[in-house]
Participant: 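Mind having a look at this structure? Questions to follow.
In what follows, chains are A, B, ... by sequence order, proteins preceding strands, each numbered from 1.
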Protein chains: 4
Amino acid sequence: MGSTQHPRRGDTRQRIQDVALELFAEQGYEKTSLREIAERLDVTKAALYYHFKSKEDIIVSIFKDLTRPVDDLVAWGRGQPRTLETKREVLRRYSRMLTDAAPMFRFLQENQASLRDLRIGAPFKERMADLRELLEEPDAPLSDRVRCLSALFTIHAGMFALKDAEGDPEEKREAVLEVSYELVDRAHGVTGRGSE
Amino acid sequence: MGSTQHPRRGDTRQRIQDVALELFAEQGYEKTSLREIAERLDVTKAALYYHFKSKEDIIVSIFKDLTRPVDDLVAWGRGQPRTLETKREVLRRYSRMLTDAAPMFRFLQENQASLRDLRIGAPFKERMADLRELLEEPDAPLSDRVRCLSALFTIHAGMFALKDAEGDPEEKREAVLEVSYELVDRAHGVTGRGSE
Amino acid sequence: MGSTQHPRRGDTRQRIQDVALELFAEQGYEKTSLREIAERLDVTKAALYYHFKSKEDIIVSIFKDLTRPVDDLVAWGRGQPRTLETKREVLRRYSRMLTDAAPMFRFLQENQASLRDLRIGAPFKERMADLRELLEEPDAPLSDRVRCLSALFTIHAGMFALKDAEGDPEEKREAVLEVSYELVDRAHGVTGRGSE
Amino acid sequence: MGSTQHPRRGDTRQRIQDVALELFAEQGYEKTSLREIAERLDVTKAALYYHFKSKEDIIVSIFKDLTRPVDDLVAWGRGQPRTLETKREVLRRYSRMLTDAAPMFRFLQENQASLRDLRIGAPFKERMADLRELLEEPDAPLSDRVRCLSALFTIHAGMFALKDAEGDPEEKREAVLEVSYELVDRAHGVTGRGSE
DNA sequence: TATGAATGAGGGTTCATTCAT
DNA sequence: GATGAATGAACCCTCATTCAT
């Protein structure tokens, strides 16, 4: 029900964000022009400027919306004891977020050069640093710090490098998580294959 | 000895490559213009076109020059037995290459979006796949394949994520290698902390 | 007395004129956008169009309101005998008007290029011509016509060029008037320094 | 001799300046687009950018070229004794310059609002102040300072306000100069009509 | 080995204006 | 008495590329 005249009245802002992220992730930030976004939405470029101050503003707004869960995760993690189980929970949730907001994270990974002067670059790096902090023991030896870093990157890399690999996505996600666990387990001081 | 008039006569092509890679790595491929490169070399844009057919040609030529060692490594690896020591040697050499040609690899990592249509993208992916093949056992379970993937990514990530961290570079490189070894060790079927 | 809900209900039109003139005088007509005016008033651009047909309409309406005194002065002058005292009175009153409506006159002086196609340009020039007519004797020699012109321009120039100079504003205004008198005195056929 | 292929090879820069000044003076700076300039020259907009860094750069370059004589005049004046004859010579030469570079000065007068942020504004004001300094006696009373100011403005105003008036241009210029002399004469301490 | 001069395509952005509500 | 949403036209500017010299 509702007017059929303006089938999408009111949600233009959201539609811009959706299409923009899709294109940014697909082609890269620099190579995606506002003209392209506008055409795909069947509006004029000027319409984009009614909803956003600039091209950068579009990606920033998307970033803020989609990375809130990471903020929440960091906040949650800081309130928890630094147990192994907490760390695993962090990895588990983070993996889930990456899956849920895959295009955004793909964008972040593939456009690091653009990020550098995009008002997102810094926030992104900070968030990664915050996550590492949740995983690392204070004053851990260098190799353990590398393990934690690697645990996070494994999740990222797994997400994208395995995209074209055969196999059930959920299964792949679990394999990635397993390796990721292993790495923090070791860093946390646990030996042996797996943690059971 | 030698003309003092044209102190760099004849090596313009090389100088273009050097400056270009420097800028590409620093600012990204799309955001680096030929004007900028030419200005920094104190030649005209047209001069670049005397030496290279296009902007893409510049980066392709650099890529080819700098990634030959990886080709060689792959060739070497294929001629070796698939032992653990071979795998470790692969990682060791690869790590060294990343250090030696850091700007190129930084460029590759941060400009994946640009790479997609750059005639480099595919070769780069192939090389990564070749390396993985050297590390993985045929028909290994998914989790072991992830370990090998992760071993490679750890080297990459360590390279860049630890750049600003305190500590001796060489020491950091060794810590990264250690974790990397660990991962292929496991994938190879070795258990226990360390490799003894 | 009066609603406290809408403290300025009904005077929006006036407020638009005030803010617009302020900005036009400060930044120039072309460089002042309706967005800017609307923002400063905390209304939308569309609101401006409820009160005025166009951007030009805004400045035209202000012009009409603020230059009525000049029309009156011309009308008055035409009804007077063309004595020296009349001419001085014209200068005196004109000087006062410039002071009272300084922003408008500043705008007129600094935006002559814009005025050319602004439906104000002609009226403004006419008014200046009318004033000159009040000061000039018919068939006066060229040099005397220049004196009258100069008398008027002195008032204009004095207004703006002396703005940053030290000294009491009223005193400056009188100095300007004195020189202006001198010029019409001569044109009127009076010799000697001053007219006392 | 000379190729007939490229009838104006080498003088494009100059031609841009000529056409630009013509249009800037005619329509104003803001209302003249680079497209317009390019079209009139039958080149592309991009060609303008080969010769000038920006729109502002075009007007700045013209300004510098055309106001050098004023700089020279100021320099000359400062080396002269501050006699009445020197002052008259300043006015005489200045008047000549205004005539010679009329479009530039028309532009300066009619686009003051644009000048404000044009990197020319300040230099222009300074030059005017320098000229005033040549005419004014140090510590002169306010009214005499106004006379000098007025002398300069008379030349400006005369230039443009009398453009449409009947009469021989040279004759008009002399009438303007006469009034201008009168004003500095008085300021210099000379009484009586004319200077005899 | 280069340069000088130019182009065509496209970039992001801003503007005055409109109109249904 | 106003707003929300959008448009069309134009803006300045930058880019990779070309080609005669």
Participant: For F:dA5, does OP1 or OP2 lie under 4.0 Å from any side-chain N or O of A:Thr12?
Facilitator: no

Participant: What orientation do D:Phe107 and D:Tyr29 show, parallel under 30°, tilted 30 to 60°, or perpendicular over 60°?
Facilitator: perpendicular

Participant: For E:dA5, does OP1 or OP2 lie under 4.0 Å from any side-chain N or O of D:Tyr50?
Facilitator: yes

Participant: Do the side-chain N or O atoms of A:Ser54 get closer than 4.0 angstrom to the phosphate oxygens (OP1, OP2) of E:dG12?
Facilitator: no

Participant: Would you indicate, yes or no, if F:dC11 has its OP1 or OP2 atom less than 4.0 angstrom from a side-chain nitrogen or oxygen of D:Arg35?
Facilitator: yes

Participant: If you pin B:Lys45 and D:Thr32 to their nearest nucleotides in DNA chain F, which one's is more 5'?
Facilitator: D:Thr32

Participant: Quick check: on DNA chain F, is the nucleotide nearest D:Glu30 upstream (toward 5') of the one nearest A:Ala47, or the reverse? Name the residue that is more 5'.
Facilitator: A:Ala47

Participant: Determine the interplanar angle of the B:Phe124 and B:His156 rings, folded into 0 to 90°, and report it as parallel if under 30°, tilted if 30 to 60°, perpendicular if over 60°.
Facilitator: perpendicular

Participant: Taking the side chain of C:Tyr49 as heavy atoms from C-beta outward, which of E:dG8, E:dT13, E:dT18 is closest to it?
Facilitator: E:dT18

Participant: Is there a side-chain polar atom (N or O) of D:His51 under 4.0 Å from OP1 or OP2 of E:dG4?
Facilitator: no

Participant: Could you spell out the base pairing of DNA chain F in dot-bracket, with Watson-Crick or G-U pairs whose two distances are under 3.5 Å, [ ] crossing and | to another strand?
Facilitator: .||||||||||||||||||||

Participant: Nearest 0.5 Å please: distance from the CZ atom of D:Arg15 over to the CG atom of D:Asp42.
Facilitator: 8.5 Å

Participant: In terms of side-chain heavy atoms of D:Thr44, which of E:dT14, E:dG8, E:dG4 is nearest?
Facilitator: E:dG8

Participant: Judged by modelled atom types alone, do D:Gln112 and C:Gln112 share a side-chain donor-acceptor pair under 3.5 Å?
Facilitator: no

Participant: Is A:Arg116 salt-bridged to B:Glu26, going by a charged N under 4.0 Å from an acidic O?
Facilitator: no

Participant: May I ask you to verify if any side-chain N or O of D:Ser33 is less than 4.0 angstrom from the OP1 or OP2 atom of F:dC11?
Facilitator: yes

Participant: Go through F:dT7, E:dC19, F:dT18 for me and flag the one nearest to the C:Ala46 side chain.
Facilitator: E:dC19

Participant: Less than 4.0 Å between a side-chain N and a carboxylate O, is that true for B:Glu36 and B:Arg40?
Facilitator: no

